Amino acid sequence: MSRALSACCWLAVCLFAPTAASAWGYQGHHVVGAIADQLLKPAAKAQVQQILNDVDTSGIDLRKAGPWPDCVKSVVRHDDGKFHYEVDPEHLEFEVPCTPFNSARERARMVDYAARNWSTCSYAPDGFERGCHNTFHFVDVAIQRSVFDRNLQGTNPHDLIAAIGAAVAVLQGRPIPPPFPFSIKDKKEALLLLAHLMGDLHQPLHVGSVYLDANGRLVDPDAAHKVDPDTDTIGGNAILDGVAVPFQTINLHHEWDDIPTDLGDGATSELVDAAKSVAPSQGTLDGWPAAWATDTLLVAHDAFKGVSFKPTPPPARSKWTATYDNHVDYLQAADAIKRKQLAKGGARLAELLNAIWP
Ligand SMILES: [Zn+2]
């Protein structure tokens, strides 16, 4: 990746990114899906093709499916309680990955999904209710931990790992295990979710998080047995990139959402080869999502290596600013981590689907 190009891209991504955390930019979700498309065995490939393409859609593969839950973020709830899919005229670029779903019936599907998964939990990170479905994309486990566990702070019954479990259950024709509050109405919805969430699961800042005191020192929410909201960095969204402070818009989370520009938005042979050499998952399928979360949590340890934090002076909206021991080294390490994680995401999405439909 060219350093200059990547800096440009980060700026573009961050200026135009939605306020809610969106995980890998849509290119990352395309890449993860495209790798999985190549690694599906015939039975799973046939199922995926049939489920994603009904009377309303055609030509949808896992690559195109990947961005769907981010497209759903364009569904807004009006004061009268009604839900609408709204295109932001100032951000038409948000619609680019959503064009496969822009028919009236597919928009209606997104509205229906968002409405069913809106009030099942409260999610208002900035004071506005954003809809429970926005929580399906992440967990915020403290990076002091090394093993994912559902009892840890930063997990909840409607988090990323629970959502993957729910989508898998629907694809297997099983009921969603209680107490998880998901409404997934059919296999198409489940697969649209899973294709995306397996990407999110491999973005290190969607799993591991830092909790910081007012001076930018690490605090441990598990030792306190609760998350103090004042210490919550919202998966790095509340941390400005110290190198980019003049722009006041780039945060650490969004930097990690962006992928190396030379990867484009498909499956390069480099990444397909890397995906083929990802070690097969151990144990039963039910345990895989938590094991993968542990794996990503360990990667998050590396993502926070060589970074420290200090309070951001007002009037910046973000509380903390990241500074780097060596920024060039950090970017280089991040580039390598992203390639590895995209390959793992694609490999494991395919592994999961091949296991569901052997
Ligand atoms: Zn996401």
Side-chain angles (χ1 to χ4, degrees), residues 13-14 16-36 62-76 85 91 93-98 100-101 110 113-114 117-118 120-121 123 125-126 130-141 154-156 158-168 180 182 184 189-209 233-237 251-259 265 289 292-293 296-297 299-300 303 338 341-342 344-346 348-349 352:
V13 163
C14 297
F16 299 130
T19 47
S22 57
W24 300 116
Y26 77 82
Q27 295 89 343
H29 287 289
H30 275 171
V31 166
V32 167
I35 294 168
L62 294 171
R63 177 182 172 277
K64 286 188 182 163
W68 186 82
D70 281 343
C71 298
V72 169
K73 292 178 180 178
S74 291
V75 176
V76 295
Y85 186 98
H91 292 299
E93 71 281 0
F94 290 172
E95 292 307 306
V96 169
C98 306
F101 310 106
M110 288 193 268
Y113 164 81
N117 290 284
W118 192 272
T120 37
C121 70
Y123 180 58
D126 48 7
R130 292 189 168 274
C132 189
H133 67 85
N134 281 292
T135 69
F136 303 172
H137 300 244
F138 62 90
V139 287
D140 282 328
V141 174
T155 69
N156 57 60
H158 41 85
D159 65 24
L160 171 60
I161 315 307
I164 289 173
V168 168
F180 303 133
F182 300 98
I184 302 174
E189 215 165 82
L191 194 48
L192 289 167
L193 272 173
L194 194 65
H196 178 89
L197 299 178
M198 285 299 291
D200 283 355
L201 180 60
H202 290 83
Q203 203 278 40
L205 271 62
H206 269 247
V207 174
S209 192
T233 68
I234 321 170
N237 275 285
N251 71 57
L252 198 60
H253 184 99
H254 280 138
E255 284 203 353
W256 276 92
D257 277 348
D258 193 25
I259 68 168
D265 69 349
W292 294 332
T296 304
L297 181 58
V299 175
K338 288 173 181 182
Q341 291 303 101
L342 290 164
K344 277 193 219 169
R348 289 169 176 167
L349 173 57
L352 198 45

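Just follow the structure's listing: the first ligand is 1, and inside any ligand the first atom is 1. This chain uses plain numbering: 1 for the first residue, then up along the sequence. Hydrogens, waters and symmetry mates are skipped; everything else that's a heavy atom, side chains included, is used. A quick note: this is a predicted structure, and the numbers were derived from the prediction, not measured.
- At least one N, O or S atom of His196 sits under 2.8 Å from the Zn ion (ligand 1).
- Salt-bridge formation is not detected for the pair Asp258/Lys338: no Lys NZ or Arg NE/NH1/NH2 atom is positioned less than 4.0 Å from an Asp or Glu carboxylate oxygen.
- Within His137, the N/O/S atom positioned nearest the Zn ion (ligand 1) carries the name ND1.
- Atom-to-atom distance recorded for Leu349:CG and Leu191:CG is 8.0 Å, nearest 0.5 angstrom.
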**Q.** Candidate pair His133 and His158, rule ring pair (Phe, Tyr, Trp, His ring centres under 6.0 Å), full reasoning
**A.** CA-CA 8 Å; His133 67 85; His158 41 85; over 10 Å; no
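- When you scan the N, O or S atoms of Asp200 for the one nearest the Zn ion (ligand 1), you land on OD2.
- Note on ring orientation: taking the six-membered ring where Trp is involved, the planes of His196 and His29 are parallel (angle under 30°, cut-offs 30° and 60°).
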